[in-house]
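Here it is, the structure, as structure tokens.
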Amino acid sequence: MDSTTLRHQLLTLATSHLWTWDHELLALLDHKRAEPSDPTSPPHPVVTITRLGDDELEELAADAEFVARLDDQWQRAEAYLADRVTDPRIAYFSPEFGISERIPQYSGGLGILAGDHLKASSDLKVPLCAVGLLYRQGFFRQRVTDGHQTERYETYEPEALGAVDSGLTVKVPMVRHEVTARVWTLDVGRIRLILLDTDVQPNSRHDRHITDRLYSGDRRHRLEQEMILGVGGARAVQALGLNPPLYHLNEGHAGFLILELIDREVADGATVAEALERVEPRLLFTTHTPVPAGIDRFDHSLILGYLKPWAKRWSVDVSEVAELGHDPEGPDDEFNMALFCLRAAAMANGVSKLHGEVSRDLFGQVDKGAAIGSVTNGVHARTWVDPRIGEAFDEVGGPAWADGDAAAWERIAAMDTAAIRNLRRRGGETLSQIVQERTGTTLDPEVLTVGFARRFATYKRADLLLRHRKQLEKLLADDSTPIQFVFAGKAHPADEPGKALLARIVEFARSKGANNRFVFVSDYDIAVAQAMYAGCDVWLNNPVRPREASGTSGEKAALNGSLNCSISDGWWDEMATDLNGWTIPASGLEDPEARDAEESKAALKIISSEIVPTYWAGGEPWGDPWIERVRACWRTLGPKVTAARMLADYRDEFYQPMLDALTER
């Protein structure tokens, strides 16, 4: 193989992003990676390959073993990508996509879910494309200084994230002018992700910063980002020559695409009312919001200026456009994005069975509120299962485990006990190494490890166990049946209560009572999460019920053999059994302080009287009763928590019925 062909194949594989769930491919692409100055921030493989000099390429081309590995990966990728989606029937819109820590275009659960949605769509050959924004500074990198979170932003070039310039731009109307957005594409396996970026000429300095950071800035900044995502996204899809019949809104952030779809119908002679009727069958809306405070709202004093260009084009008063987002139970001078999307869409869903119930109550003031369904979130198995665990699963159960095949999970659950213990031990060793590198604290990989990692929002109650601090300290001081805790997560830059919550966790981790068995790992990202899912024995989740719409971190942990200890909320509410984990009983008390105290006490009781004795049964780690619970976890949850199951649900319950109905019109 000559060096030119070698470089071409490596770059093609790097920009396919199959390596985000194929660890052998990633190892191949990283073969010549220079050690980064910041080991917590390895570069995208495109950067590594682009930096290779002619001598290095010639050296690789002469390496028979490397060329054989490359040839194998090339053939596998060619076979997989032969079915690329070129004529998508569904356009999936989301403000963020979590594909890899090397593509920092995500902040948390919504983006991680969106990334898994694309990967599972690729695996299942769902005819889908996706639309988002390209943030030049991504989401913030976290530092903990004097016990408090600080934020720093890095600037990224799109090409260094694997994005390709389409050569196209689109224009999006704002108040008195138009903003230009460049259209980038990024392949996620068979799926094309379309990204918009306003850091281009001839935009003003203000407009060039619209897509600078994820979830940053004031309300105007947020509104303008959502205009670019919705309107610009719909126009980018069209500019690329695509004409998907169905649009899927992952939350209300992209809701302004409805304005663009209405506009196209009005341009064809429809009234606004007629346009809404024509657009409705083409829209699916997924809500992730279990409480009113989580809904995007814009005051009329801000949004009316952005709606006026549309009202003018449609020859209607701006109040008629504003009425589309009116909440009959809210202020008259407010535009509610969730209600806007719900009114416009033919179908809508929550993200767990419980959340579906909550959503039907939350949106009961709208006619369509009572019809909200649900698809419980799932996770892309090969992304989140540790490579060594995945290899063992392939060997024992066959490859279909990643698609949620029940028979494969039955075979996995029957795995040799010693093999299960070895996998747990190796996961603990990897986590211990990362904790040592990032905190200086040494964890024992054989000690019972409880993990908690998620956004530091107050309703997630990261400090719940600290309500009974002395009891927690007593647990941490026990050398006969030791236990250790690993916490990680970020607070939103503007969330001062969330930052205070994080500071309390950091303070306790540094206290004498923590006994070096309670650590906080800073700068949480996908890589840290993957290590925690494989290395923690218990996954702790204690939100205020029912404020966790779904949650997926516990699903990822479960696939790796970690047992959940959770409030009965989100996905856990419908999937928990007596053996696959532990459920913290929810308090019936209305007073928040009393409720939290009661649930803290209940959680600590479960940990001390059930979890610890089960883990250390027989005086050794991962006692036989523990292994039986791991088997029950895999047997009962493996078939249910994968994104393959989630995408099959979307396909069968929403996508295909809606596409069929459009065909019949």
Side-chain angles (χ1 to χ4, degrees), residues 354 447-478 481-489 498 501-502 504-509 511 513-515 517-520 532-533 536-548 550-551 553-555 557-558 562-616 625-626 629 633:
L354 177 60
V447 164
L448 170 60
T449 304
V450 179
F452 180 101
R454 49 187 47 84
R455 181 165 57 92
F456 270 68
T458 52
Y459 79 88
K460 293 178 183 284
R461 300 188 299 184
D463 65 342
L464 187 69
L465 299 185
L466 300 187
R467 301 276 175 160
H468 292 85
R469 185 164 175 152
K470 289 185 178 179
Q471 189 175 343
L472 177 59
E473 290 176 347
K474 183 179 178 181
L475 267 175
L476 294 167
D478 189 341
T481 54
I483 185 173
Q484 56 198 10
F485 292 78
V486 180
F487 275 56
L501 186 64
L502 189 149
R504 287 197 290 276
I505 292 297
V506 173
E507 180 276 324
F508 180 75
S511 70
N515 195 28
R517 289 177 178 165
F518 189 110
V519 298
F520 178 81
M532 289 185 67
Y533 297 141
C536 291
D537 301 294
V538 175
W539 199 255
L540 182 64
N541 183 44
N542 41 237
V544 176
R545 189 180 192 270
R547 295 190 61 184
E548 188 80 273
S550 175
S553 62
E555 295 180 325
S562 179
L563 302 177
N564 278 266
C565 178
S566 177
I567 291 286
S568 189
D569 202 5
W571 73 275
W572 185 246
D573 184 72
E574 67 197 69
M575 298 189 193
T577 71
D578 291 339
L579 282 177
N580 64 11
W582 291 269
T583 298
I584 303 167
S587 169
L589 298 174
E590 293 186 6
D591 177 70
E593 288 294 323
R595 175 202 63 207
D596 290 355
E598 185 173 293
E599 292 179 1
S600 170
K601 184 177 181 180
L604 284 164
K605 182 179 179 181
I606 289 173
I607 292 170
S608 61
S609 65
E610 298 184 41
I611 293 177
V612 170
T614 304
Y615 182 85
W616 290 105
W626 190 270
R629 282 185 171 269
C633 168

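Along the sequence shown, residues are numbered consecutively beginning with 1.
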Subject >> Glu590: salt bridge (charged side-chain N to carboxylate O under 4.0 Å, His left out) partners, not counting sequence neighbours >> reply: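 Testing Glu590 for salt bridge (charged side-chain N to carboxylate O under 4.0 Å, His left out), a comparison that skips the adjacent residues, returns none.
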
Subject >> For Trp572, ring-ring contact (aromatic ring centres under 6.0 Å, His included) partners two or more places apart >> reply: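 If we apply the ring-ring contact (aromatic ring centres under 6.0 Å, His included) test to Trp572, skipping adjacent residues, there are no hits.
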
Original post:
Counting N and O atoms only, with roles assigned by atom type, does the side chain of Ser609 sit under 3.5 Å from a partner on the main chain of Lys605, one being a donor and the other an acceptor?
Top reply: yes

Subject >> Point-to-point distance, once rounded to the nearest 0.5 Å, from CD of Gln471 to OG of Ser608 >> reply: 5.5 Å

Subject >> Which atom of Cys536 lies closest to which atom of Val450, heavy atoms considered >> reply: SG-C, 4.3 Å

Subject >> Non-neighbouring partners of Trp582 that pass side-chain hydrogen bond (donor to acceptor under 3.5 Å, both in side chains), sequence neighbours left out >> reply: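 Counting only residues at least two positions away or on another chain, Trp582 forms a side-chain hydrogen bond (donor to acceptor under 3.5 Å, both in side chains) with Glu610.
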
Original post:
Donor-acceptor pair, Arg545 side chain versus Asp569 backbone, under 3.5 Å?
Top reply: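 No: the side chain of Arg545 does not pair with the backbone of Asp569.
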
**OP:** Please lay out, stage by stage, how Arg461 and Ile567 fare under the test side chain to side chain contact (heavy atoms under 4.5 Å, CB included).
**Re:** CA-CA 11 Å; Arg461 300 188 299 184; Ile567 291 286; 4.0 Å; yes

**OP:** Output all residues satisfying side-chain contact (heavy atoms from CB on, under 4.5 Å) with Pro625, sequence neighbours left out; order by chain, then residue number.
**Re:**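 By the side-chain contact (heavy atoms from CB on, under 4.5 Å) rule, Pro625 matches Thr614, Ala617.
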
Subject >> Set of salt bridge (charged side-chain N to carboxylate O under 4.0 Å, His left out) partners for Asp537, sequence neighbours left out >> reply: Arg424

Original post:
So, for Ser568 and Asp573, which heavy atoms are closest and what is the spacing to 0.1 Å?
Top reply: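 In terms of heavy atoms, the two residues are closest at OG-OD1, 2.7 Å.
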
Original post:
What are the two closest non-hydrogen atoms of Met532 and Ala488, and how far apart are they?
Top reply: SD-CB, 4.0 Å

**OP:** Evaluate side chain to side chain contact (heavy atoms under 4.5 Å, CB included) for Ser600 paired with Arg595, printing each intermediate quantity in order.
**Re:** CA-CA 8 Å; Ser600 170; Arg595 175 202 63 207; over 6 Å; no

Subject >> Minimum heavy-atom distance Ala576-Thr583, with the two atoms named >> reply: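 For Ala576 versus Thr583, the nearest heavy atoms are CB-OG1, 3.8 Å.
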
Original post:
Which heavy-atom pair separates Ile584 from Ala603 by the least distance, and what is that distance?
Top reply: CD1-CB, 3.8 Å

Distance-only check: which donor-acceptor pairs under 3.5 Å involve side-chain atoms of residues 452-459, not counting sequence neighbours?
residue: Arg454; atom: NH1; partner: Leu540; partner atom: O; Å: 2.9
residue: Arg454; atom: NH2; partner: Asn541; partner atom: OD1; Å: 3.3
residue: Arg454; atom: NH2; partner: Ser553; partner atom: OG; Å: 2.9

**OP:** Find out whether Ile611 and Ile606 are in side-chain contact, i.e. whether some heavy atom of one side chain is under 4.5 Å from a heavy atom of the other.
**Re:**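 In contact.
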
**OP:** Answer yes or no: is there a donor N or O on one side and an acceptor on the other, between the side chain of Asn580 and the main chain of Met575, under 3.5 Å?
**Re:** yes

**OP:** Identify the residue among Phe508, Trp539, Phe520, Phe518 that makes a ring pair (Phe, Tyr, Trp, His ring centres under 6.0 Å) with Phe485.
**Re:** Phe518

Original post:
For Trp626, which residues count as a side-chain hydrogen bond (donor to acceptor under 3.5 Å, both in side chains) partner, sequence neighbours excluded?
Top reply: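 Partners of Trp626 under the side-chain hydrogen bond (donor to acceptor under 3.5 Å, both in side chains) test: none.
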
**OP:** Please name all residues satisfying salt bridge (charged side-chain N to carboxylate O under 4.0 Å, His left out) with Arg467, sequence neighbours left out, ordered by chain then number.
**Re:**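 Here the qualifying residues are Glu593, Asp596.
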
Original post:
Can you check whether Tyr533's main-chain N or O pairs, donor with acceptor, with Ser562's side chain at less than 3.5 Å?
Top reply: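 Not a single qualifying donor-acceptor pair exists.
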
Original post:
Can you name the nearest heavy-atom pair linking Asn564 to Ala558, along with the distance?
Top reply: ND2-CB, 3.9 Å

**OP:** Taking side-chain contact (heavy atoms from CB on, under 4.5 Å) as the test, write out the residues that go with Ala594, two or more places apart.
**Re:** Leu589, Asp591

Subject >> Leu472 side, atom CG; Ile607 side, atom CD1 - distance, nearest 0.5 Å >> reply: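 Between atom CG of Leu472 and atom CD1 of Ile607 there are 8.0 Å.
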
**OP:** Look up atom OG1 in Thr577 and atom CZ in Arg629, then write down how far apart they are to the nearest 0.5 Å.
**Re:**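 Atom-to-atom, Thr577:OG1 and Arg629:CZ are 8.0 Å apart.
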
Original post:
To the nearest 0.5 Å, what is the distance between SG (Cys565) and CG (Asn542)?
Top reply: 8.0 Å

**OP:** Please identify each residue that fulfils side-chain hydrogen bond (donor to acceptor under 3.5 Å, both in side chains) with Asp463, with sequence neighbours left out.
**Re:** Arg504

Original post:
Got a sec, which residues hit side-chain contact (heavy atoms from CB on, under 4.5 Å) with Thr481, two or more places apart in sequence or on another chain?
Top reply: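 Thr481 satisfies side-chain contact (heavy atoms from CB on, under 4.5 Å) with Asp478, Val612, Trp616 once adjacent residues are dropped.
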
**OP:** Check for a donor-acceptor pair, side chain of Asn515 on one end and backbone N or O of Leu476 on the other, with a separation under 3.5 Å.
**Re:**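 Judged by distance alone, yes, a pair lies under 3.5 Å.
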
Original post:
Roughly how far, to the nearest 0.5 Å, is the CG atom of Leu475 from the CD atom of Gln484?
Top reply: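 Here the interatomic distance stands at 13.0 Å.
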
Original post:
Rounded to the nearest 0.5 Å, how far does CZ of Arg517 lie from OG1 of Thr449?
Top reply: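 Here the interatomic distance stands at 11.0 Å.
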
Original post:
Listed by chain and number, what are the side-chain hydrogen bond (donor to acceptor under 3.5 Å, both in side chains) partners of Ser587, not counting sequence neighbours?
Top reply: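 With neighbours one apart ignored, the set is Glu598.
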
